[in-house]
Structure formats: structure tokens, C-alpha cells
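As C-alpha cells, the structure follows; a few thoughts come after it.
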Amino acid sequence: MENTNLESQLRQLSKNRLPLWHEFPDFELYMDQLVSLGNRYLKNLQGTEITASMVNSYVKKGLMHRPNKKKYDTANVAELVVISLLKAIYSLETIKKGLQSVAKNTKTDES
């Protein structure tokens, strides 16, 4: 019975996938839209839902860049997804250092 349940859970998990960069919205979002979208992306991958308080905390601690006039961009969506997934394993300080290192060593189309 346990094997059947585990197999079923593994099949369900394998159906999940995170969006690619070009699948993120290419327009700015307000906080409630960002939270809703993040929760939709991570629905079956984590136990707790993202809240506006969490997002505010991530911005305040420097894990996410600040919104522009209360609007969040594509990079904010990506940051939120990455932070939400990694926080189950790493401390927020470790995640911050990792994100800073990746950002420093990654070239974008604009650079």
C-alpha cells in the first residue's frame, strides 16, 4: 500500500514544472498579483503559501530588489520563486549571499 501511495505522489510531482523565464509575465504586477502568481507557480511544491508580509520581509532584507512605485517586475517574480524554494533548505542569509554571487557573475542582455 505504501509503495502505491509513494508512486502516486511521485507521478504527481513529476507533472509539476516551474515556468521558464520567457513564461513569466512581461508587465509589472502589484503585490497581491505577485503573491497570487507565486503561489500558483509553487502550489504543489511547497507546504506554506507566500504572503505579502514575506515579500516585504525579503525586500527589506535585500533578498529581492525593491519594487518600482509599488510594482514588481519579472525579476521580482523569479526572485520570489527561487527564495521560496530555497528557504526550505537554506537560511535567508545564505540565500541572499547566493543570489548576490549569481547576480555578480551573470551577464544579462543589457550588460
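In what follows, residues are counted from 1 in the order of the sequence shown. From a predicted model like this one, the values you see are computed outputs, not experimental measurements.
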Leu20-Phe24 co-clustered via ILVMFWY side chain contacts under 4.5 Å: no
Test side chain to side chain contact (heavy atoms under 4.5 Å, CB included) applied to Arg66 - qualifying residues, sequence neighbours left out: Val59
Smallest separation among heavy atoms of Leu99 and Leu63, with atom names: CD1-O, 3.7 Å
Exam field: side chain Asn76 to backbone Met64, donor-acceptor pair closer than 3.5 Å: no
salt_bridge(Glu28, Lys70) N-O dist < 4.0 Å: no
Validation row, ring centre Tyr72 to ring centre Phe27 under 6.0 Å: no
Closest non-hydrogen atom pair between Ala75 and His65, with its separation: CB-CE1, 3.4 Å
Side chain to side chain contact (heavy atoms under 4.5 Å, CB included) evaluation trace for Lys43 with Asn39: CA-CA 5 Å; Lys43 181 179 179 183; Asn39 283 323; over 6 Å; no
Within-4.5 Å side-chain heavy-atom neighbours: Asn68 and Asp73: no
Distance (rounded to the nearest 0.5 Å) between Ile95 CD1 and Ser91 OG: 6.5 Å
For the student: nearest non-hydrogen atoms of Thr74 and Pro25, plus distance: OG1-O, 2.8 Å
Partners meeting salt bridge (Lys or Arg N to Asp or Glu O under 4.0 Å) with Glu93 (sequence neighbours left out): none
Would you list the atom pairs, donor with acceptor, under 3.5 Å between side chains in residues 46-56 and any protein atom, with sequence neighbours excluded?
| unit_1 | atom_1 | unit_2 | atom_2 | d |
| --- | --- | --- | --- | --- |
| Gln46 | NE2 | Thr48 | O | 2.9 |
| Thr51 | OG1 | Met54 | N | 3.2 |
| Asn56 | ND2 | Ala52 | O | 3.4 |

4.5 Å side-chain heavy-atom contact, Gln33 and Lys71: no
Heavy-atom pair of closest approach, residues Val77 and Leu34: CG2-CD1, 3.7 Å
Working for side chain to side chain contact (heavy atoms under 4.5 Å, CB included), residues Leu18 and Leu45: CA-CA 9 Å; Leu18 293 171; Leu45 298 174; 3.6 Å; yes
Straight-line distance of Glu23 CD to Tyr41 OH, nearest 0.5 Å: 7.5 Å
Side-chain (Thr94) to main-chain (Tyr90) donor-acceptor, under 3.5 angstrom: no
Main-chain N/O of Lys61 paired with Lys96 side-chain donor or acceptor, under 3.5 Å: yes
Check against side chain to side chain contact (heavy atoms under 4.5 Å, CB included), Glu79 and Tyr58: CA-CA 9 Å; Glu79 290 168 336; Tyr58 300 156; over 6 Å; no
From CA spacing to verdict: side chain to side chain contact (heavy atoms under 4.5 Å, CB included), Ser84, Leu80: CA-CA 6 Å; Ser84 297; Leu80 182 60; 3.9 Å; yes
Val82 with Trp21, same ILVMFWY side-chain cluster at under 4.5 Å: yes
